[in-house]
Every structure is written in C-alpha cells, then in structure tokens.
Amino acid sequence: MSRRYIESPGQQNISIILNGEESELRFVSDSQGNKDLLSKADAFLVVYSVVDKATFNRAEQLLNMLHNMDLMRTRPIILVANKIDLARSRAVSSQDGKCMACTHRIKFIEVSVAINHNVDELLAGILSQIRLKKAHCAIQGTRESSPNHWYKNRSVVRASMKARQMITWVFGKEDSKFKNCENLQVL
C-alpha cells in the first residue's frame with residue numbers, strides 16, 4: 001500500500017494504492033450531524049482518545065446518531081481508539097472499545113497517529129471496508145447489509161458483550177466476536 005496526502009480547508013484527501021488499484025479517500029470532519037454531508041459519505045470513522053473518557057462517551061453518542069439517521073446498516077463504520085502510545089494515562093480500555101464496536105456491529109482499531117502505529121492498517125481497512133460493503137450490497141441489490149431488527153435492542157446486545165468480556169477476562173481466551181470486530185479485511 002502506498003499513500004499520498006493532499007490538504008485543503010476542511011478536508012484531507014489521501015491517495016492509496018491497494019491491491020494494484022488506486023483510490024482517493026476524502027476525509028471530512030463533521031461532529032455536528034450535517035445530514036446532507038453524512039448522507040453522501042461512503043464510510044464513517046468515529047474517533048476517540050483512550051486518555052479521555054468524555055471522547056469515548058461522545059463516540060457512543062455519534063454512533064447512536066448514525067443509527068437514528070439509519071446510516072449504520074448502509075455504510076461501513078470503524079471505531080478508532082487514538083493515542084494508544086499514552087498507555088500510562090489510559091482511561092478507556094481496549095476491551096471497552098471492542099465491546100462498544102461489537103455492540104454496534106462495527107469495526108474497531110487502535111492507533112497512535114503520533115507514532116504512526118496502525119495508521120496504514122486503518123487506511124487500508126477503510127478502503128477494504130468500502131469495497132467489501134459495495135460488493136456485498138451489489139450482490140444483494142440494495143444498500144442494506146443486515147435486517148432492520150438487528151439493532152433494536154442495544155441494551156440486550158451490550159449486556160451480552162459485557163458478559164463475553166467478563167468470560168474473556170476470567171478464562172483468558174479472547175472471544176471470536178471481539179476478534180472479528182478488529183478484522184478490517186472482512187465485513
């Protein structure tokens with residue numbers, strides 16, 4: 001994978017060659033919920049800082065907003081935990097991030113932009129998720145990727161994920177659900 005950055009006010013473009021095919025990712029920041037802008041997006045990154053619990057709570061609010069706008073089922077979404085290089089100041093555990101991602105049925109990755117840890121994996125994962133989702137939707141003949149009811153009772157899903165998290169902690173074996181949310185190369 002190779003990448004090239006192009007910046008302009010309010011957005012950043014990155015050209016990526018992945019599997020011999022060049023694509024351009026355009027990143028636009030919008031935490032206010034501009035419906036026109038959000039409806040045009042091919043994917044969403046919801047980023048929080050692992051050293052700031054408030055950003056983690058805000059990330060969950062953003063995921064709920066995307067759900068309420070009915071965008072979660074139709075677009076790939078990746079929950080991104082940033083600043084993992086600041087391990088001593090960590091306020092949000094990796095397991096909490098994975099649990100939130102699994103609860104919302106989205107992907108999860110931990111990065112450190114400061115030391116360039118997992119940044120290439122994230123960029124390749126974004127592009128892979130977009131390509132996979134488009135191919136999946138083309139096969140189904142629709143932009144929807146899952147049934148309407150999958151998300152209706154988030155509290156039940158969250159309780160299930162918390163139970164799985166506890167079992168993982170007690171028995172020391174990572175649950176396959178948690179591993180799947182970290183694999184950005186599959187839907």
Please enumerate all residues that pass side chain to side chain donor-acceptor pair (under 3.5 Å) together with Thr55, with sequence neighbours excluded. none

Is there a side-chain contact (heavy atoms from CB on, under 4.5 Å) between His104 and Asn64 once you walk through the steps? CA-CA 9 Å; His104 289 277; Asn64 290 333; 3.4 Å; yes

Evaluate side-chain contact (heavy atoms from CB on, under 4.5 Å) for Glu110 paired with His117, printing each intermediate quantity in order. CA-CA 8 Å; Glu110 289 189 319; His117 178 73; 6.0 Å; no

Kindly compute the distance separating CG (Leu79) from SG (Cys102), expressed to the nearest 0.5 Å. 10.0 Å

Linked, directly or transitively: Ile115 and Ile84 (ILVMFWY side chains, under 4.5 Å): no

Mind checking whether Glu182 and Lys98 have side chains closer than 4.5 Å, heavy atoms only? yes

Of all the heavy-atom pairs spanning Ser93 and Asp96, show the shortest one and how long it is. OG-N, 3.0 Å

May I ask you to test the Lys83-Val92 pair for a side-chain heavy-atom distance under 4.5 Å? no

Return the set of residues passing ring pair (Phe, Tyr, Trp, His ring centres under 6.0 Å) with Tyr48 (not counting sequence neighbours), or none when no residue passes. Phe56

Any heavy-atom pair between the side chains of Ile130 and Leu25 that's under 4.5 Å? yes

Rounded distance [0.5 Å steps], CE in Met65 versus CG in Leu71: 8.0 Å

Considering all heavy atoms, the nearest Ser23-Arg131 contact: OG-NH2, 3.1 Å

In the single-linkage hydrophobic clustering (I, L, V, M, F, W, Y; side-chain heavy atoms under 4.5 Å), do Ile16 and Phe27 co-cluster? yes

Determine whether a donor-acceptor pair (N or O, by modelled atom type, separation under 3.5 Å) exists between the side chain of Gln185 and the backbone of Gln129. no

When rounded to the nearest 0.5 angstrom, what is the spacing between CZ in Arg58 and OG in Ser49? 15.0 Å

Worked check of side-chain contact (heavy atoms from CB on, under 4.5 Å) between Ile106 and Val46: CA-CA 10 Å; Ile106 62 175; Val46 177; 6.0 Å; no

For Leu184, what residues pass the side chain to side chain contact (heavy atoms under 4.5 Å, CB included) criterion, not counting sequence neighbours? Ile78, Lys107, Ile109

How long is the gap from CG on Leu45 to CG on Leu122, to the nearest 0.5 Å? 5.5 Å

When rounded to the nearest 0.5 angstrom, what is the spacing between NZ in Lys134 and CG in Leu132? 12.0 Å

Which atoms form the tightest heavy-atom contact between Ser128 and Leu18, and what is the distance? OG-CD2, 3.7 Å

Could you tell me which non-hydrogen atom of Phe108 sits nearest to which non-hydrogen atom of Ala101, and how far apart they are? CB-CB, 3.6 Å

Among Asp42, Thr74, Ile77, Leu187, which one satisfies side-chain contact (heavy atoms from CB on, under 4.5 Å) with Lys133? Leu187

Rounded distance [0.5 Å steps], CZ in Arg26 versus CD in Gln12: 12.0 Å

Keeping the roles fixed (side chain from Asn82, backbone from Val113), state whether a donor-acceptor pair exists under 3.5 Å. yes

For Ala81 versus Val50, what's the shortest heavy-atom pair and its separation? CB-CG1, 3.6 Å

